[in-house]
Amino acid sequence: MASQPLSSSVQPTDVYGGDEVSAIILDPGYSSVRAGFAGEDTPKSFLNSYYGVGADKKLVFGDDAIHNPLAGLEIRNPMAKDGTTEDWDTATQLWEYAITSRLTSFKQADPRTNGLNDDLKDEKDVDAEMEGVQEGEKPLEEHPLLMTETAWNSTKNREKSIEIAMESWGCPAFWLARNSVLAAFGAGKATALVIDMGASTASVMCVHDGLILKKSVQKSPLAGNWLSSQIRSLFSAADPKVDLVPHYMIASKTPVDAGAPAQAVYRKFDNPPTPSFRALEEERVLTEFKESVVQVWAGPGRLNSPTQAGSTNLDFVRSQPGRVFEFPDGANRMWGVERFTASEGLFDASAALPIPSEETPVQKSQTIPEMIKASISAVDVDLRAALLQNIVVTGGSSLLNGFNDRLNNELITMYPGARIKIHAAGLTAERRFGSWIGGSILGSLGTFHQMWISRKEYEEFGVSIIEKRCK
Amino acid sequence: MPPFKDEHILIIAPGSQTTLAQLGLPESFTPPTHRFPTRMFPAPDGKTFEPYKIRSRKKLVTADGDVEMAGADGKPEEEEEEFIELPDDDEGAIYPLKEGRIVNMPAFFALLNHIFVTLSPTLHTPVMLIAQPAWTAKNHEDITQFIFEKFKTPALCIMDSALATSYAYGIANATVIDVGFEKVDVTAITDFQISGRGCVPHSGGEGMTRNLVELLKSKDLTRDMAEQLKKSPICEILPAGTPLPGTGEAAEEVVSNPAAAASTGATASGPNVKITDAHGESGQHHGAGEEDGDGEGEEKIVDEDGNLDIASIVTSGKTQEFLAKLEKEKKAAQRKANKDAKEAAEAAAAAAKPIRLPNSKRPRVVFHYEEIIQDEPNPKRQKTPESAPTTTAEETAAPAVENPEDDSNQQKTTQKEERRIKRDIEIGVERFQAAENGYMDAIADAVYRTVLSVDDIAKRQDAWESLILCGSGSKVRGFKDALVNILNNRYLVSPSSATMFMSELPSNLATPSGTGSMTPNASVSSTPNQPPTANAVNPLLLAATTATNPTLNPSASMTSYTGNQAHSSHSQSPTSIKFASPPSYFPEWKSYEEAMFLGSQVAAKVIFVVDQGLSKGFLSRVEFNEEGPAAIHQVGLVY
């Protein structure tokens with residue numbers, strides 16, 4: 001996009017020029033949706049991608065609604081495993097909720113808000129709602145929308161995006177940007193090797209002058225959710241076996257000795273919540289486990305590789321103090337070497353723990369070092385040095401303890417002699433919202449205002465304009 | 001721009017039910033001088049809003065109770081109509097805020113305007129508006145535009161209500177739990193910045209009232225009655241796991257008097273049996289109730305007789321007839337008498353308390369309900385003076401021994417001759433169950449979720465250690481204790497036995513060695529080849545053993561024993577859960593449910609008077625003119 005700036009003389013006359021209205025940046029991902037105004041440093045709206053389907057088929061969105069242990073509440077996700085959108089109808093509603101709940105006003109015509117008021121339907125509420133209906137029908141009529149997509153998004157999906165933005169939301173202008181490119185922009189680079197550790201997908205690709213080099217795109221499922229399944233394997237292999245009981249099942253817990261069985265009072269449910277709900281709640285515990293216990297072996301070498309002293313790194317780790325984790329049911333124990341083994345598979349396919357539900361073991365090509373190697377070797381030799389000096393690490397799963405140290409060590413081993421520089425934002429929020437922040441920067445640039453696909457253009461060319469303009 | 005003065009500052013804090021407002025900052029900060037109900041009424045023209053209900057009636061014609069606002073609309077014979085304001089009537093009211101969200105912007109603007117006009121500030125008045133967490137960015141912009149354009153104010157600051165509360169307490173890291181009318185907002189604050197938000201919809205004070213109505217369906221409790229019951233001291237929230245009186249322990253305690261024991265057991269079983277579905281989850285009381293069910297048969301008859309009395313008169317059509325009769329004979333003078341009577345009754349009730357069991361031990365309690373009757377053309381609060389003395393007499397006479405016959409006698413209903421509107425209703429253990437059925441669980445989960453959404457893991461423990469409970473809904477007795485109880489029971493992470501002792505054991509045995517040297521929070525770039533440092537003693541243990549004798553611990557508890565480092569083998573939180581103590585240096589503030597307003601005064605003083613805009617605490621008129629309403633996002637204390 002930055003490759004073809006238009007000088008003011010050739011500027012199309014029908015571009016959208018709303019300088020004073022800030023654009024909305026929408027960055028949907030597998031685990032969360034980020035939305036906010038361009039020019040701000042964090043997204044004002046941060047929404048869980050998982051949504052609930054109640055027993056009455058009503059959809060509920062947001063953390064405030066989906067964590068109630070209600071009977072029949074099914075938890076689903078509109079995104080496909082590779083981070084692209086699968087269920088467009090729900091995704092549209094989800095994103096709309098992300099935008100209307102925190103950014104623009106609630107519109108009364110929205111079925112969701114009406115649904116919320118169902119239980120208190122007295123006359124005065126109806127009055128209030130009737131007034132709101134007349135105000136406006138579409139949530140985004142005032143704001144241009146910048147949306148992000150993955151590098152491997154399909155043409156059909158891209159066309160669907162602009163259709164929703166223009167038809168359902170009534171945006172005055174639209175742009176679709178690659179999230180990796182935006183992450184690079186967020187780090188202040190137009191040329192970079194972007195390593196994005198998401199929830200469902202880890203990806204590595206080369207960005208040159210704001211454009212993705214298609215051949216260099218590498219992705220694998222070895223990301224946050226895979227790590228969760230590694231931890232589950234760890235729990236089931238542990239001795240004694242760890243039962244993952246989420247918080248909602250517990251009425252109260254009693255402190256017990258490390259390793260002792262839990263003594264908790266469990267809550268009783270006449271109609272137990274669905275398995276999908278339980279999975280969601282278990283994931284919350286695993287997230288906490290990842291935050292406070294899991295660590296990446298920082299190197300040098302791999303966890304299993306021998307050290308000079310003749311032992312292996314594993315032995316060294318064993319001598320290190322462990323960390324305690326207390327589960328919701330009160331059971332607690334020390335996690336020593338296990339906290340390293342859980343994440344080692346990200347870098348070393350042979351160290352990955354077997355996951356019972358998946359037959360195919362982790363391929364070597366799926367690990368992060370191999371993806372980097374493949375990505376770098378797919379681009380022109382002249383570019384490689386510049387890319388290695390501009391490595392941008394983004395995504396929530398990259399916040400694992402020791403991840404960057406290990407990455408650095410692996411790169412030094414792979415490319416001895418090359419100058420390697422990793423740019424990873426120090427602030428947690430900047431790492432998690434990397435691509436959103438890039439979008440916020442892009443959307444607030446004065447020069448970017450020439451780039452928007454305006455409503456007029458859309459009306460003239462239809463959905464196919466997205467393929468022509470957003471490269 | 002001349003500096004702002006204390007007496008010019010206007011503070012407005014809207015809530016879903018009541019909007020607090022005050023003009024000027026007093027020497028010592030006070031509770032708000034003005035309270036406005038957050039509701040508007042459609043004006044007769046159908047477009048604008050009025051602060052009070054206005055009803056038109058034809059001149060020279062007696063007001064027809066059925067004349068509706070809409071009906072008056074557009075009728076040509078206007079000169080024959082006169083409009084009257086009904087300040088106490090809330091029929092047909094529009095509530096601009098619902099669960100904190102602005103659902104009706106025009107009405108909200110009208111409310112702001114009404115407040116502004118009522119307080120009539122000067123032209124130099126800067127406005128401090130307290131925002132609800134649920135307001136969207138667009139809401140902020142719209143309000144900014146409205147206030148600047150309509151009020152011509154020189155400066156505006158919009159501040160988040162949770163943040164204002166933390167200002168009142170003067171705590172940089174806190175978790176504010178605001179129990180509002182229909183929602184509970186949870187906000188995690190770190191370094192006076194909002195870093196996590198959660199909300200429990202369909203809860204708040206109204207949620208408890210609804211629970212009570214549901215539970216007491218069999219007694220035909222109306223919403224108003226449930227509301228009064230909730231506010232009365234007999235309604236309590238017991239910590240989870242506390243046996244309800246009349247079941248288990250409680251029955252054993254009063255066993256010295258056989259009659260009383262029988263009565264408690266049986267009466268407790270009565271309501272339990274009637275509303276089994278509401279008790280589905282709480283198996284324990286249920287079972288206990290069945291055990292005690294021996295004397296149920298005869299007891300129940302008495303019970304139901306009593307109930308029928310109330311039920312038939314309270315809510316059936318008869319009540320309406322009966323109230324209609326009363327309406328004709330209303331006198332304003334009664335109001336004061338009523339008040340006195342009520343106070344007397346309360347005093348007497350308070351005096352009678354010591355000789356009784358504590359509320360939480362009594363299976364049944366008589367609840368005095370006072371109905372307010374609206375007079376159509378000239379509404380006045382109506383309570384009966386006569387009933388109170390008789391009741392108090394009975395109250396004091398009713399001894400510690402709870403005689404079932406006494407109870408049924410007490411269920412006096414209204415008497416036409418004396419115009420009694422006050423009723424006594426016997427309420428069983430339902431009064432302890434206003435927050436059951438997952439109500440508290442949802443709040444606790446929201447607190448947990450919100451604190452865990454704080455990015456800075458090291459700050460989470462601080463947020464856990466200064467919980468702040470505010471909002472009028474939290475006034476219900478026992479709310480705070482019940483919440484602390486549930487949080488402690490469910491989320492508190494205990495010091496693990498694995499790390500209680502020193503790491504002097506040979507490390508090659510792969511023994512867990514909890515040392516203070518590996519502080520997990522700070523180990524992002526851990527260099528594993530670094531040997532464990534000398535300080536291989538659990539700092540918690542060290543601190544505990546040297547607490548009484550500080551000289552033993554020269555490295556000073558300052559480093560190892562402050563805040564979140566308490567026992568550092570955990571990076572999990574919370575390792576302790578505490579409620580922050582309210583500030584004691586504001587003599588005018590007795591209760592801190594509205595601490596948000598105190599905080600807004602503190603902030604207004606700092607932002608408008610002390611700081612004078614140096615750190616961009618507010619949006620000035622000049623800035624608004626240049627940049628438009630979106631500039632509000634660059635200033636102020638919202639995010």
Any heavy-atom pair between the side chains of [Y] and [X] that's under 4.5 Å?
{"X": "A/Arg102", "Y": "B/Lys138", "answer": "no"}
{"X": "B/Tyr448", "Y": "A/Arg284", "answer": "yes"}
{"X": "A/Arg267", "Y": "B/Asp441", "answer": "yes"}

Which bit of [X] comes within less than 4.5 Å of chain B, counting heavy atoms only: side chain, backbone, both or neither?
{"X": "A/Pro328", "value": "backbone"}
{"X": "A/Phe37", "value": "side chain"}
{"X": "A/Asp257", "value": "both"}

>> Can you confirm whether the side chains of A/His247 and B/Tyr491 place a donor and an acceptor under 3.5 Å from each other?
In response: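 Result is no, nothing qualifies.
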
Interatomic distance, [X] atom [atom1] to [Y] atom [atom2] [nearest 0.5 angstrom]:
{"X": "B/Arg490", "Y": "A/Tyr248", "atom1": "CZ", "atom2": "OH", "value": "12.5 Å"}
{"X": "A/Ser101", "Y": "B/Arg101", "atom1": "OG", "atom2": "CZ", "value": "10.0 Å"}
{"X": "B/Asp455", "Y": "A/Arg432", "atom1": "CG", "atom2": "CZ", "value": "4.5 Å"}
{"X": "A/Ile250", "Y": "B/Ile486", "atom1": "CD1", "atom2": "CD1", "value": "12.0 Å"}
{"X": "A/Asp63", "Y": "B/Asp445", "atom1": "CG", "atom2": "CG", "value": "9.5 Å"}

> Of the backbone (N, CA, C, O) and the side chain (C-beta and beyond), which part of B/Pro629 lies under 4.5 Å from a heavy atom of chain A, both, or neither?
Replying inline: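 Neither; nothing under 4.5 Å.
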
>> Tell me the closest heavy-atom pair linking B/Asn489 and A/Ala251, and the distance in Å.
In response: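 Closest heavy-atom pair between B/Asn489 and A/Ala251: CB-O, 3.9 Å.
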
> Salt bridge or not for A/Glu291 and B/Arg460, using N-O below 4.0 Å?
Replying inline: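 Judged by the 4.0 Å cut-off on N to carboxylate O distance, A/Glu291 and B/Arg460 do form a salt bridge.
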
>> Check A/Asp64 with B/Lys183, please: is the shortest side-chain N to carboxylate O separation under 4.0 Å?
In response: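 So B/Lys183 does not pair with A/Asp64 through a salt bridge.
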
> Would a distance-only check, ignoring hydrogens and angles, find a side-chain to backbone donor-acceptor pair under 3.5 Å from A/Lys44 to B/Thr136?
Replying inline: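 No; judged by distance alone, with no hydrogens or angles, the pair does not exist.
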
